[in-house]
Student: 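Below is one structure. I have some questions about it.
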Amino acid sequence: MKMVTAIIKPFKLDDVREALSEIGVSGITATEVKGFGRQKGHTELYRGAEYTVDFLPKVKLEIAIIADQVNSVVEAISTAAKSEGEGKIGDGKIFVSSLEQVLRIRTGETGSVAL
Amino acid sequence: MKMVTAIIKPFKLDDVREALSEIGVSGITATEVKGFGRQKGHTELYRGAEYTVDFLPKVKLEIAIIADQVNSVVEAISTAAKSEGEGKIGDGKIFVSSLEQVLRIRTGETGSVAL
Amino acid sequence: MKMVTAIIKPFKLDDVREALSEIGVSGITATEVKGFGRQKGHTELYRGAEYTVDFLPKVKLEIAIIADQVNSVVEAISTAAKSEGEGKIGDGKIFVSSLEQVLRIRTGETGSVAL
Amino acid sequence: MENTLIEMQFALDTFYFLVMGALVMWMAAGFSMLEAGLVRSKNTAEILTKNIGLFAIACTMYMVVGYDIMYGGGILLDGISGTGDKYSNAADFYFQVVFVATAMSIVSGAIAERMKLFAFFAFAVVFTAVIYPMEGAWTWNGDAVFGLFKLADLGFADFAGSGIVHMAGAVAALAGVLVLGARNGKYDAQGNSRAIPGANMPMATLGTFILWMGWFGFNGGSVLAMASKESANAVAMVFLNTNAAAAGGVIAALLLVKLLWGKADLTMALNGALAGLVAITAGPDTPSALEAALIGAVGGVLVVFSINVLDKVFKIDDPVGAISVHGVVGLWGLLAVPLTNSGASFSGQLAGAGTIFIWVFGTSMVLWLVLKAVMGIRVSEEEEFSGVDISECGLEAYPEFTK
Amino acid sequence: MENTLIEMQFALDTFYFLVMGALVMWMAAGFSMLEAGLVRSKNTAEILTKNIGLFAIACTMYMVVGYDIMYGGGILLDGISGTGDKYSNAADFYFQVVFVATAMSIVSGAIAERMKLFAFFAFAVVFTAVIYPMEGAWTWNGDAVFGLFKLADLGFADFAGSGIVHMAGAVAALAGVLVLGARNGKYDAQGNSRAIPGANMPMATLGTFILWMGWFGFNGGSVLAMASKESANAVAMVFLNTNAAAAGGVIAALLLVKLLWGKADLTMALNGALAGLVAITAGPDTPSALEAALIGAVGGVLVVFSINVLDKVFKIDDPVGAISVHGVVGLWGLLAVPLTNSGASFSGQLAGAGTIFIWVFGTSMVLWLVLKAVMGIRVSEEEEFSGVDISECGLEAYPEFTK
Amino acid sequence: MENTLIEMQFALDTFYFLVMGALVMWMAAGFSMLEAGLVRSKNTAEILTKNIGLFAIACTMYMVVGYDIMYGGGILLDGISGTGDKYSNAADFYFQVVFVATAMSIVSGAIAERMKLFAFFAFAVVFTAVIYPMEGAWTWNGDAVFGLFKLADLGFADFAGSGIVHMAGAVAALAGVLVLGARNGKYDAQGNSRAIPGANMPMATLGTFILWMGWFGFNGGSVLAMASKESANAVAMVFLNTNAAAAGGVIAALLLVKLLWGKADLTMALNGALAGLVAITAGPDTPSALEAALIGAVGGVLVVFSINVLDKVFKIDDPVGAISVHGVVGLWGLLAVPLTNSGASFSGQLAGAGTIFIWVFGTSMVLWLVLKAVMGIRVSEEEEFSGVDISECGLEAYPEFTK
Ligand SMILES: Nc1ncnc2c1ncn2[C@@H]1O[C@H](COP(=O)(O)OP(=O)(O)O)[C@@H](O)[C@H]1O
Ligand SMILES: Nc1ncnc2c1ncn2[C@@H]1O[C@H](COP(=O)(O)OP(=O)(O)O)[C@@H](O)[C@H]1O
Ligand SMILES: Nc1ncnc2c1ncn2[C@@H]1O[C@H](COP(=O)(O)OP(=O)(O)O)[C@@H](O)[C@H]1O
């Protein structure tokens, strides 16, 4: 099994979720995170003193899947999360790592049936 | 070493934490996350327009442990996090992955003594 | 590739970020988390009833890097995140795990160029 | 000694105007809090800026020229120097100026979360300098409409301004919303309305209570006299009825939403209170307490349906429900007057409402379109997505809370 | 001319009632904000709905029948039409009606975070229509208690309502809390009390300041006259003493908690202010400023101990401390009257307090139990866990902030 | 009958004082909300505690000895018992006491986020008992300064206290900030000022509106009479001008920041409103409406520059801008008086400002230094980092929201 972790722009969340459910992914855990990357933050002004908000709000999605699904999941995410046209800096990243075990708390099932 | 990641219902947090400390786990990192899964969100009403809150608040626990402890930790979590009786949809999931290295910043210790 | 995950004190965030950018790390994802560890929470008082806030606010940093960089990154973080002098309980932990694949959504690049 | 007595009457009436005026001024805080509570957190600082800015603009423009257009008194108030016949003319100005600000406040809520701040301010300048004073002159000052006919002759009566202030504000807002369009994400691809919950309900509730309190000044002060038994009794009845109508509006709205949706939607209770207040404003002097409560209750029912119909059927995106509360219910308030006041007629009320609508809608529409052409009135899509707080004000309303 | 003078007195007294009444009405906002600040965010929208709803119910039921029971005046106020002898009877109603709402507001805080909204509203209907007006008739209107004895004859004096309004509200709340039980999680398995912090301290502080301000109307208006040197002096002393008592309550509570726990617990400072105000309410006219400050300070000390004893010893779960602030300190206020007012006696005060307690506690208890049997008064455990905002109101108070 | 008429005048004047005083008391809530909105969430509960505590201390100390020092009347008000010549002396005390609290409130904002709570309270005790009453006696009571010279003789005029109240508060704050130093993190290693945004803009805006409303009492009440045609007219003009100046301050500040930085910084609009109000306070009776608006507008411009210069050039860390709003603009207010009031002279205004500055700065500085030596005035670095809410008050302002 694999764990796919995607960092995306917050307002792409709905699109990505839809794309994932179309290919049969039923479980996602989402976290609000702050990203530091190539995309730079913006400057705010408060009483005449500037200050930089140099983190950007992003959403992290974690999706546990069986190994066979990795490619389709990564593609679904990257298609849905990419800004129109050429893509934009800050569209995000997808990370894949291996997952040794999964357990569904309710039933005690383990392995791919627990996903 | 292993990293155990559990997604649980927020109001089970205290129980799980207690169960873990009983079996000697001393470190946990908790994050508030939103879960999309089999359990469906609820509908709220605002000025006559319905809207679905389709994510559910969950807590993600990350616990780094030595490999030998995996089974006891997983069992402690799953017992404490399971709803009374049969369990309920949305009780959550436990993921286990492997951890290559750990370092305690304060002392510079690495490996299992750093846990 | 490796994923380095560090749990640090929130007010060390700026220092750590600076230390990382000095050694050429360009991407970081940060999450606000709550830590339970050796460092104990504090007691608050509300209308004469005490209560313990036993989680502590921490920041989790996730940094995807090529394997060669692991040592320098871990060192940069641990130096910057350590409290002055001997270090203090609660300074945090660094975890390293392996990363199988990375993809930059904008360009579709994968592997180390995508970091 | 007789002189002293007359001076005392003068003093009491002046004092009464000032106290009532301070209560109406307080409504500016009410609108600010109501609107700040009903928008999303990313647009909160901007709507606060809008509200304090529009209040300042209204006070200034009405001083410069608005009061003169409406009641005479000279450009820059040069006829006003704290003298007067029955009460200080400075107190009269003070009382009148906060009404202008009220009318203007109504607009800001409806066009929230997507309009350029300075385009709004430009609108406010013209609205408070000319558009409102003109229709105010035709009604409260009894001038003939463009020299043609007098509304009072037709049997038009609007005691404290259900039409002149509230409906006028709502009509200007309606024109603005039509030119501006709905917020991004308000309607989905199929045209279904999506709820966009406001960020801070305690603020919205506080705003409603402030408005409720301020309304005693709004309606109570509109008796325009206190220092005799008759006028004191009249003011007292107006207070009593204003309160009864607001209470009726809350109860009606709460029961209705509970029946319709099974939930006691707080925002509808708040709008119900305001609807009750708007409804009674055209005639708080003539009904009995029970009649006042019923007039308010009808307002509370109307507002629930109106908000839903405007939103779902007409796709008019009004984040705070201002057009329904002040416009639709303002019209109801006008039409309810003849029920208890023989001095007013339905035809007169319709004539008055029509006159106000045509004038305010026409001029506002032209003004919004001119502003759109000249400086643009809508922020960019990206600015709207990130929130107008950053783009217009450069700061965040709750920098430590929001996500 | 003599007539004009008499009319002027009439006008000034009426105006005074209306201004004082508007300040008391403002207290409704104070209770709303205080309670909204002291509950958790998941229960905030519901308590706001509760507060605006109960205010509307109180205003309506007191109009329908309550005022008639308490003072006469006719069902549906048919005897009230803005006339009157020394001041407009409409102004009198307006001033009295906001007192009922105050009494009712006290209840809402104590039963917060677990009661069904419409069960509460049902209680409010009966409380404001009958329970409060009955005891009000025995006290302020001087009626004999069930035709048996007159409290005034026994030396009972309660100037502005420490007992009649505040203790009465607290007693109704106590009955409710006893029937309802504590919030889930308030007491652990060993019966230890656990702190459940309120979500928004600025709101709670704002509420306290609003109440402080409104209290000038509450006590100041209870002189019931302004238009003579004597009454003007009396009103001024009442203002001065009310302020001194509130200040005394804050200082005493703050110093005490600092001594006890080493921390300046803001919530206790707020409760100290309210305790000072409640304490002076039974007799703000007779003490000197220093005496008033001391009466308030004793209230501030009492409230700190009372909150802790009720919570830890009696396991009475009162999220906002209403029973201590209004009940325990209300009783203290009654008992303090004879210290500076020779017209009152300890026995009379005890008799009055006893009468109020028995009547309000008895009827309230029956009513709560009937409501429990008929419609249930407590939300389900799951609803309580997720918060009553979702289950009762269908929305969230801070949809973007909370976790 | 003549007697009755005189009594009526007495009653109306007394009533007027009480209503104006209640509005000024309300400013305490305004300062609390303003400051609570402009600090970070971790320091919010403490500043609320500070504000309600200082209000209580001011009311108590001024009662104990302050009023006697300033106007006579006896220790513990033993000369005050609700009698009086033209109005109740109790009403006079009530009106005066809320002014002391205002002066004290100004200090709390400037030293926010780093001072020990009880050190601040200790300062408040002395400031409200002695420092303010002394300079108040020299100015409003016309006493000779240390028996040497009378400010009035030099042509000093400060109608409602731009200097006596506002600048005095700001000067005490300045001394405090100099002794205390800047907040950690306010200036970086290179000495560059870093922005530290306040946590809650709606609260700050609410506070500003409350202050705006309360200011009508502050300035309007300072006419000190209402019950004649002349004084009624004067009060009305004061209301009108106060409002015009505030509006002018908002518009000037908003336009200026838009020009300077391209953004409509809400916090500057709020400070602009307050600057307009402070500026007009020294002489709201003599200007025309236009002049008032311009005096306010200059205040609005000054405040923007002053905040930036104090912050960036002088490294004076004043989280809410109190020293600029009340001090710099208070001085401007004093200097603007001779422009429209022939009874005042520039030299007199400078003499008065100088006297106030020297007295308040000198005594405050000594007091801060003594407190620093005796009990320490600054919290530890760790406490400052975690927020003074936990260390001083033991609770959090928003336990469920902040991170
Ligand atoms: N090496 C990395 N490790 C962890 N997170 C990263 C890394 N690089 C980027 N990210 C995350 O992805 C987000 C987008 O990255 P960014 O560099 O801004 O754009 P792009 O991926 O289009 O080049 C960042 O805000 C950050 O949250
Ligand atoms: N495949 C998955 N990947 C990541 N997180 C998941 C996955 N499936 C479920 N989750 C998380 O676990 C939570 C519970 O899952 P759910 O399907 O609702 O219940 P159950 O596990 O009892 O079937 C979800 O809300 C989500 O946060
Ligand atoms: N075994 C663990 N698994 C996951 N997170 C841990 C673990 N141990 C510690 N942590 C995280 O690291 C933080 C610091 O740990 P703590 O034990 O307080 O200090 P130290 O690392 O200096 O001994 C904790 O608050 C927690 O978030």
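Each chain gets a letter, A, B and so on, in the order the sequences are listed, and its residues count up from 1. All figures in this text were calculated on a predicted structure; none of them were measured in a lab.
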Student: Mind checking the NZ-OG spacing from B/K2 to C/S97? Nearest 0.5 Å is all I need.
Tutor: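 Nearest 0.5 Å value for the NZ-OG distance: 11.5 Å.
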Student: If I measure from the heavy atoms of chain B, does C/K93 come under 4.5 Å with its side chain, its backbone, both, or neither?
Tutor: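 Both the backbone and the side chain of C/K93 come within 4.5 Å of chain B.
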Student: Tell me, do C/E32 and B/E32 make a side-chain contact under 4.5 Å, heavy atoms counted?
Tutor: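 Contact flag for C/E32/B/E32 side chains = no.
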Student: Tell me if the CD atom of B/E75 is crowded by more than 12 foreign heavy atoms within 6.0 Å.
Tutor: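 Count not over threshold, so no.
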Student: Under 4.5 Å between any side-chain heavy atoms of C/V96 and B/L99, yes or no?
Tutor: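 C/V96 vs B/L99: side chains apart.
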Student: About how many Å separate OG1 of B/T107 and CD1 of C/I89, when rounded to the nearest 0.5 Å?
Tutor: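 Atom-to-atom, C/I89:CD1 and B/T107:OG1 are 10.0 Å apart.
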Student: I'd like to check C/F36 versus B/R17 (side-chain heavy atoms, cut-off strictly below 4.5 Å). Are they in contact?
Tutor: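 Yes. Closest side-chain heavy atoms under 4.5 Å.
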Student: So how far is it from C/F95 CZ to B/M1 CE, rounded to the nearest 0.5 Å?
Tutor: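 It comes to 9.5 Å.
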Student: At a heavy-atom separation under 4.5 Å, does C/T31 approach chain B through its side chain, its backbone, both, or neither?
Tutor: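 Contact with chain B is through the side chain of C/T31 alone.
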Student: With a 4.5 angstrom heavy-atom cut-off, which part of B/S98 approaches chain C: side chain, backbone, both or neither?
Tutor: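 Contact with chain C is through the backbone of B/S98 alone.
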Student: Where do C/E86 and B/R106 land on the salt bridge (charged side-chain N to carboxylate O under 4.0 Å, His left out) test, with the steps shown first?
Tutor: CA-CA 7 Å; C/E86 295 279 285; B/R106 166 166 52 102; over 6 Å; no
Student: Examine whether an atom of B/M3 lies under 4.5 Å from a heavy atom of chain C, and if so say whether it belongs to the side chain, the backbone or both; otherwise answer neither.
Tutor: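 B/M3 touches chain C through side-chain heavy atoms alone.
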Student: Looking only at heavy atoms and a cut-off of under 4.5 Å, which of C/D91, C/T5, C/V74, C/V70 has the most pairs with chain B?
Tutor: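 If we count pairs closer than 4.5 Å to chain B, C/D91 comes out on top.
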Student: Which distance, rounded to the nearest 0.5 Å, do you find between the CD1 of B/I105 and the CD1 of C/I94?
Tutor: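 Separation between the atoms: 4.5 Å.
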